[in-house]
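Please read the structure below before turning to the comments.
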Amino acid sequence: STSTPTPTSLHTPVSSLQRQHQVDSTSLGGEQKIPDNVTPTPPSNSKSKNIREPAATPDSVSQIVLKGDEMAECDPAFRSMVNLDPVPDAPPIKKLSPREVAQLEQSLQIGDKFSDHSEDTTWREDWNGNLQLLDKDIVMNRDDLVQNPSAKVMTMQFCDWVAKLARHSDDFIGIKLLFRFVYHMKGTPLMTRRILAYSIECPAGSVSERLQLIMDASRRISYDPTVLTQDGWRTVKADAPDGHTGGSYLIGRRIIWHSFEAIVIAFVRDEDIGDLWKCLWTEDLDTFDLEADELQEGMKKWERKVAKRKAASSAPTAKAPRPSVRFEASRHFSVDGIEDGIILAKSYKSKGGQPWPARVMHVTEVKALGIQQGSRRSSSKNEIHVVFLSPFWNGGAVAGIPTATSQYATGPLFELETIDVSERTIQKYPFSTDDGSLSITNLRQQFKFLGLPKAAFPRFLDSHRLAVALKNYSSKESKVNSQGVVDAEATASLTDTHPLSIKTFSFPDALLNIPFEYILSKFPDPVKVRASRSLIEDDTEVKEPIMQLHGILASITPPHCWNENPGMSSACPETPVKKTQPLSLPDSKGLTPTMSPTLNASKRIYSESDKKTLWNVDSFASSYLLEYIQAAKDGDISP
């Protein structure tokens, strides 16, 4: 049986990537020391399905050197589908030190085991297998799995996680370590090294640009004919069948695999596995390997499809082309109330995985901000961008923030995150805005089941205050300004997004820039409200009105912003004269008199008694000066 790791041996991907430049000897105390000249060797049973892991090819075969920018020959139909532009030169990248290997293993969770999710916790045998760790699913809630092994596992691809943590284009530390590791593995083709070095060394203007370079490099390596040739594959079709399976004679053949069209681009004869063919899906240019029986099955499916096309061509009307269904499971998923733009979502950054109020960003907002990033697996079709409202997990130290009541109240009021669309990550928002109020009592009952400290309740309350306010605004606005019926599926396909990003409400920029933090700071304390009402009646349900965003927006437009009622004509008054305030207020401890006897002296007629007391020291000296004079008189202050 698999033993459950202890919490002390775990390091989350967040901490492991953010401390790459700060790792000391104590943090590596539990890691295995790997010498600089040793490459980790995984167990013999680490081969995964559809991944070629043959025995190491001789250097004379794998390291074919082509002259200049010369490219290996390949099938013409395949070449027309992909980008094979010359790759610029880049300086060699440095080999990993033992400490950096330990950091990389920690980030990739090499050696960790979590119930049924332990098959991907070892190094692969060949360079290509280790490069594919770029797409490895990193477990985000390991602490929860240690305490509750039956809890749902929340994962994110390693590449996506590194990109989310990156603060600038050169902050892809985890991916750089992985590329450097693969770069210096035995048998890595020279063209692969050139592509890897260029992707991480060339200048990039932003995080999204660097991510695109990495994605393009990973995809290019998977199908580049020069890489395949240097790795022992044949990329040119033979003039005659090679052996009983056909061999390289089948290069260029079309097949159907997993219901999608693909083309055979390379062939290799492996001594351990047998004949293998590398194929490329024509839709998204992803590659996969097939054995002889699998390839025969794919070719038969293609032949049947061609026969159906010929039969359909004689029909009077042609059928509409079948849309892509690779992401059908998530694309057909929806949640009630998405039209209002508010849902409950689970953040990858929250260790407990509690559902939290969030606003789903509309596709127009996503495109305008430029936050949608291309992905190797077309993951944008399976993801949505959400803004978590008043999250509790982004707080830090209370020191330096005078208004913070706890560490949960120190983080930003809004936090953007990209999440997968599934039943595990998003839910319907439970509260209605029909009665125009928010029940604080019901929120307290729900908060008890989240397992959070009491200090996090104000943050939880503010999140629902914002959620019901936004939902109330969107529901009213949708009734007044209906946009008609929109084909979400078709629009999502055109914009390369999920249909939920089309169905959600598009909030105006003016509303999103309202000073919500200031408004929430003026809300009454629900604890004091509950205490005052309990004196009148026991078990009284505490409610508060919903924030009316329509009214707030109206108040900052004329005539309300002139402090006038609608319908009243404006007199266009002159700019009022600013009243001069005294330099020190009555409670000031400064030396400036609070009431000078010379103010308006020419307009005042003094009596005889006033004249006697007018220039008394008590009339113009401050209390601080009087105390100082008295102390000097008594000898308490030395001259």
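In this structure, K94 does not pair ionically with E100, as no charged nitrogen and carboxylate oxygen lie closer than 4.0 Å. Salt bridge R465/D462: present, at least one basic N to carboxylate O contact under 4.0 Å.
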Check your understanding: Where do Q212 and D216 land on the side chain to side chain donor-acceptor pair (under 3.5 Å) test, with the steps shown first?
Key -> CA-CA 6 Å; Q212 191 62 48; D216 292 343; 3.0 Å; yes
Check your understanding: Given the rule in the ring pair (Phe, Tyr, Trp, His ring centres under 6.0 Å) test, do Y473 and H550 qualify, once you have shown the distances and angles that lead to the verdict?
Key -> CA-CA 7 Å; Y473 177 89; H550 281 92; 4.3 Å; yes
Review point. Can you check side-chain contact (heavy atoms from CB on, under 4.5 Å) on S334 and L500, steps first, answer last?
Key: CA-CA 7 Å; S334 186; L500 291 182; 3.7 Å; yes
Review point. What do the steps show when you test W161 against Y348 for ring pair (Phe, Tyr, Trp, His ring centres under 6.0 Å), and what is the final call?
Key: CA-CA 10 Å; W161 183 249; Y348 296 120; 7.5 Å; no
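The minimum heavy-atom distance between A345 and I419, with the atom names listed, is CB-CD1, 3.8 Å.
If you take CG on L178 and CD1 on I173, they are separated by 14.0 Å, rounding to the nearest 0.5 Å. Once rounded to the nearest 0.5 Å, the distance linking OG of S439 with CD of Q445 reads 9.0 Å. In this structure, S390 OG and L520 CG are separated by 7.5 Å, a value rounded to the nearest 0.5 Å.
In this structure a side-chain-to-backbone donor-acceptor pair under 3.5 Å is present from N130 to R124.
Across I214, D170, D171, a single residue satisfies side chain to side chain contact (heavy atoms under 4.5 Å, CB included) together with K176, and that is D170.
Side-chain contact between Q354 and F392 is present, with at least one heavy-atom pair separated by less than 4.5 Å.
Within the structure, the salt bridge (Lys or Arg N to Asp or Glu O under 4.0 Å) test picks out the following pairs touching residues 407-418 (sequence neighbours left out): K349-E415.
Between D420 and S422, the side chains place no donor N or O within less than 3.5 Å of an acceptor N or O (distance only, hydrogens not considered).
Aromatic ring pairs are classed by plane angle as parallel below 30°, tilted from 30° to 60° and perpendicular above 60°; the pair F457 and F460 is tilted. The aromatic rings of F516 and F414 sit perpendicular, their planes meeting at an angle over 60°, well past the 30° parallel limit.
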